[in-house]
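A quick write-up on the structure given underneath.
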Amino acid sequence: MSEKMLQRNVETLREFIQSKGWAISAEKEIAYGYQLVVTVGANKTPINLFTTGKILIQGKPSILQTELRSWVDERRVSLEGTNTAGMARIGSDESGKGDYFGPLVVGAVYVDGQTEARLIDLGVCDSKLLPDHRIIEMAEVIGQMCPYSVVSLGPKTYNEMYAKMQNLNRLLAWGHARCLEKVLEKVTCDLAIADQFGNESYLLDALGERNLQIRLEQHPRAESDMAVAAASILARAEFVRRMEQLSRQVGRKLPKGAFDPSIITIGREIAARGGEAALAEVAKVHFKTTQKILERE
């Protein structure tokens, strides 16, 4: 590790704190590192970051401390990477599968030893660790640096395909295979890495249907691989852009995720104007949320 890595960790932590709406009440240089004091209400938690890459959370146990530890654990996984580091490979990941509103987006990125070093310098990591504005910025650079593909299934197309397949894992496999196919039209590569969803046979079957000859590795939390992390950023950036477009279309800011209480309220407003057909233009209607929206209050 180095001063450069320390600066990157501090910057990423600042962005995480900002995205959560927390405050930094104090900060200072310490021996071989830097300290930030994160404050939420009466809770204050010091967090020390070192040039070695070590991150130490101090203070009394609290919900704030638990969330910070989760961030540290995710960050550690992303920095440790996988045993494919330096190898030429294509990584793929998706965004939007758990969001009621918006599309399902899959991204795939080709990375080799040279571009991997540049991605590390850029601070690429799992998109879940980054705020949306940083994801948009990184996606532009990644797109200029690496061969890639992004496949976006808008809600209408998503709902039509889901009605035929009746299985989210099959739909995900279709998206990953299509993305890999498009990248392989640009480069020659014999290794693909994807985040694991369901049984690995779903994606293997989808690749076989397209006659794609490539060795596939699927791992839980595969975003620790730099190629998959880059793909997650491209997929998330496109998801964010499409959500903004849909929000303008309906005249309301559509919430992300599946548990925001405003999802039901906004969903009912949309359904009042055009029924389930209107919902199908902006949402994944097989979610149980649709039943709640269409129920009479």
Side-chain angles (χ1 to χ4, degrees), residues 77-78 81-82 84 87-99 102-112 115-116 119 124-128 135 139 142-143 146-242 284 286:
V77 169
S78 291
T82 66
T84 57
M87 297 173 61
R89 73 268 191 203
I90 301 172
S92 65
D93 199 16
E94 72 282 333
S95 182
K97 71 177 180 182
D99 296 79
L104 172 67
V105 184
V106 182
V109 178
Y110 171 80
V111 171
D112 58 20
T115 52
E116 181 167 10
L119 291 173
V124 167
C125 60
D126 181 2
S127 63
K128 291 190 290 293
I135 287 171
I142 293 168
C146 304
Y148 74 94
S149 172
V150 173
V151 171
S152 180
L153 298 178
K156 183 178 180 180
T157 301
Y158 174 96
N159 290 322
E160 291 171 350
M161 293 185 68
Y162 186 87
K164 293 177 181 177
M165 296 183 179
Q166 292 293 309
N167 187 297
L168 178 57
N169 288 329
R170 293 188 189 282
L171 189 50
L172 286 168
W174 182 93
H176 279 261
R178 178 63 180 134
C179 257
L180 290 170
E181 182 179 46
K182 291 175 72 174
V183 175
L184 287 169
E185 292 172 355
K186 304 174 184 179
V187 298
T188 300
C189 185
D190 60 6
L191 175 62
I193 299 175
D195 195 32
Q196 189 164 1
F197 53 88
N199 192 295
E200 66 177 9
S201 63
Y202 286 112
L203 185 48
L204 289 172
D205 289 346
L207 294 174
E209 290 172 3
R210 296 177 182 273
N211 295 317
L212 297 180
Q213 303 298 317
I214 190 167
R215 180 165 63 91
L216 173 67
E217 292 186 10
Q218 294 183 75
H219 307 289
R221 300 174 75 179
E223 297 89 348
S224 60
D225 181 273
M226 190 56 60
V228 179
S232 78
I233 288 173
L234 289 187
R236 186 64 181 180
E238 183 63 17
F239 176 81
V240 170
R241 284 191 285 264
R242 294 295 184 105
K284 304 174 182 72
H286 68 89

Find out whether [X] and [Y] are in side-chain contact, i.e. whether some heavy atom of one side chain is under 4.5 Å from a heavy atom of the other.
X	Y	result
D126	S224	no
V111	D225	no
I135	V240	no

Could I get the full list of ring pair (Phe, Tyr, Trp, His ring centres under 6.0 Å) partners for Y158, not counting sequence neighbours?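 For Y158, the residues satisfying ring pair (Phe, Tyr, Trp, His ring centres under 6.0 Å) (neighbours in sequence not counted) are H286.
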
Apply side chain to side chain contact (heavy atoms under 4.5 Å, CB included) to residues L171 and L153 and explain how you reach the verdict. CA-CA 10 Å; L171 189 50; L153 298 178; 3.8 Å; yes

Could you tell me the separation between the [atom1] atom of [X] and the [atom2] atom of [Y], rounded to the nearest 0.5 Å?
X	Y	atom1	atom2	value
L212	L203	CG	CG	9.5 Å
H219	I193	NE2	CD1	5.5 Å
L216	L180	CG	CG	7.5 Å

Taking atom CG of D190 as the centre, report whether more than 12 heavy atoms of other residues, nucleotides or ligands fall under 6.0 Å from it.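 12 or below, so no.
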
Would you mind listing every side-chain hydrogen bond (donor to acceptor under 3.5 Å, both in side chains) that reaches into residues 170-181, with sequence neighbours excluded?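 Checked against side-chain hydrogen bond (donor to acceptor under 3.5 Å, both in side chains) - neighbours excluded - the pairs reaching residues 170-181 are S92-H176, E94-H176, R178-E181, E181-R210.
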
With the threshold set at 4.0 Å, does a side-chain nitrogen-carboxylate oxygen contact exist between K182 and E185?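 A salt bridge is absent here (no side-chain N lies under 4.0 Å from a carboxylate O).
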
Is the positively charged end of K186 above the ring of Y148, judged by distance under 6.0 angstrom from the centroid and angle within 45° of the axis?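 So K186 does make the cation-pi contact.
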
